[in-house]
Amino acid sequence: CHDLIPLVDPSPAFKYDRITRLWYRDRIEALRRSDLILANSDYSRGEVTDILGVESDRVVTIGAGHDPDFRCKGLSDSQRARFAESLGITKPFIMFAGSLEPSKNVANFLKALGGLPASLQEQFQIVVAGKREPEDIRTLSTLAPNQTLRSALRVLGHVSDEVLIDLYNSCPAFVFP
């Protein structure tokens with residue numbers, strides 16, 4: 001079990017899509033009937049026991065693995081710069097990889113950046129990687145609290161694992177808000 005977000009904090013699309021709700025309800029009932037549930041974190045384990053009422057001895061935290069390709073590559077400054085420039089990134093950047101659903105907290109991340117001094121905001125770009133619809137790009141732009149941050153946004157959309165690995169290796173900071 002990864003999380004229970006659709007149950008705990010359903011998105012508007014989830015609330016109004018009857019088929020998806022029924023499918024998810026069936027998955028929840030299957031979890032409740034399971035002899036053993038594997039959770040990827042203690043937090044998810046707690047959701048299963050607290051929210052679904054599953055006995056704690058039936059839920060085991062196993063953690064989440066990673067692909068061994070996702071590693072520090074030791075890129076030189078010039079390699080990082082060339083890579084960034086190939087994607088239209090012209091400054092040091094803060095990276096976020098993921099969806100824009102409310103549980104990802106991107107709005108608060110951008111709001112927090114907006115609270116930084118303007119001189120600091122001007123020193124970096126914000127790079128967002130992950131599958132995007134055209135309306136997601138407009139949403140991101142409206143979430144940025146000022147023009148400096150709006151112009152600092154670089155929305156890449158879906159990228160290959162190879163590019164994602166190089167993004168992680170090239171950014172001075174990445175966030176999981």
Side-chain angles (χ1 to χ4, degrees), residues 2-17 20 40-44 46-47 51 63-177:
H2 177 71
D3 62 44
L4 298 178
I5 288 173
L7 183 67
V8 176
D9 187 19
S11 68
F14 182 82
K15 289 179 185 178
Y16 299 112
D17 184 345
T20 301
N40 70 341
S41 68
D42 287 335
Y43 183 83
S44 293
E47 283 188 324
I51 296 167
H66 67 80
D67 187 310
D69 288 341
F70 282 81
R71 68 194 186 297
C72 181
K73 292 174 67 173
L75 299 176
S76 69
D77 289 345
S78 62
Q79 288 173 310
R80 284 194 301 275
R82 275 194 309 277
F83 169 73
E85 287 173 13
S86 76
L87 297 174
I89 302 167
T90 59
K91 298 179 184 180
F93 62 98
I94 299 171
M95 188 183 79
F96 168 76
S99 70
L100 296 180
E101 58 193 70
S103 65
K104 300 299 182 186
N105 223 0
V106 176
N108 283 335
F109 163 60
L110 291 172
K111 182 179 176 183
L113 289 177
L116 295 174
S119 60
L120 188 56
Q121 291 179 33
E122 294 168 355
Q123 293 179 26
F124 58 85
Q125 282 183 274
I126 304 159
V127 173
V128 181
K131 185 179 176 192
R132 299 282 169 267
E133 300 297 329
E135 63 269 10
D136 292 336
I137 297 168
R138 287 188 295 276
T139 298
L140 267 174
S141 186
T142 60
L143 291 174
N146 60 52
Q147 183 56 40
T148 300
L149 291 179
R150 282 190 288 280
S151 63
L153 280 171
R154 178 73 178 101
V155 182
L156 299 178
H158 175 77
V159 297
S160 68
D161 281 355
E162 182 180 319
V163 170
L164 186 60
I165 291 165
D166 284 348
L167 282 166
Y168 280 124
N169 275 271
S170 298
C171 66
F174 56 89
V175 294
F176 297 111

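We count residues from 1, following the sequence as given.
A donor-acceptor pair under 3.5 Å links the side-chain atoms of Arg71 to the main chain of Asp69, judged by distance alone. Side-chain atoms of Ser44 come within 3.5 Å of backbone atoms of His2 as a donor-acceptor pair (strictly under, hydrogens ignored).
The CG atom of Leu4 sits 9.0 Å away from atom OH of Tyr43, with the distance rounded to the nearest 0.5 Å. Atom CG of Leu164 is separated from atom CG of Leu156 by 10.0 Å, given to the nearest 0.5 angstrom. Remark: Leu140 CG to Leu149 CG distance equals 11.5 Å, nearest 0.5 Å. In this structure, SG on Cys171 lies 12.5 Å from CD on Gln125, to the nearest 0.5 angstrom. Note: Ile126 CD1 to Leu153 CG = 5.0 Å, rounded to the nearest 0.5 Å. From Leu113, atom CG reaches atom CG of Leu143 across 12.0 Å, with rounding to the nearest 0.5 Å.
Counting only residues at least two apart or in different chains, side chain to side chain donor-acceptor pair (under 3.5 Å) contacts with residues 168-177 are absent. The salt bridge (Lys or Arg N to Asp or Glu O under 4.0 Å) contacts involving residues 72-87 comprise Lys73-Asp166, Asp77-Arg80, where partners must be two or more places apart or lie in separate chains.
Between Lys91 and Val127 the shortest side-chain heavy-atom distance does not fall below 4.5 Å. Between Leu87 and Val159 the shortest side-chain heavy-atom distance does not fall below 4.5 Å. Residues Val106 and Phe96 have side chains in contact (heavy-atom distance under 4.5 Å, counting atoms from C-beta outward).
Within a 6.0 Å sphere centred on CD of Gln147, other residues, nucleotides and ligands contribute more than 12 heavy atoms.
Under the ring-ring contact (aromatic ring centres under 6.0 Å, His included) criterion, Phe176 pairs with Phe174, sequence neighbours left out.
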Is there a side-chain contact (heavy atoms from CB on, under 4.5 Å) between Asp67 and Ile165 once you walk through the steps?
-> CA-CA 11 Å; Asp67 187 310; Ile165 291 165; over 6 Å; no
For Val163 and Phe83, run side-chain contact (heavy atoms from CB on, under 4.5 Å): C-alpha distance rounded to whole Å, both residues' side-chain angles, the deciding distance at 0.1 Å, then the answer.
-> CA-CA 9 Å; Val163 170; Phe83 169 73; 4.0 Å; yes
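Heavy atoms only, all atoms of each residue included: Glu47 and Val8 are closest at OE2-CG2, 4.1 Å. Listed here is the closest heavy atom pair of Gly114 and Pro145: CA-CG, 3.6 Å. Minimum interatomic distance between Thr148 and Asn146 (heavy atoms only, all atoms of both residues): N-OD1, 3.1 Å.
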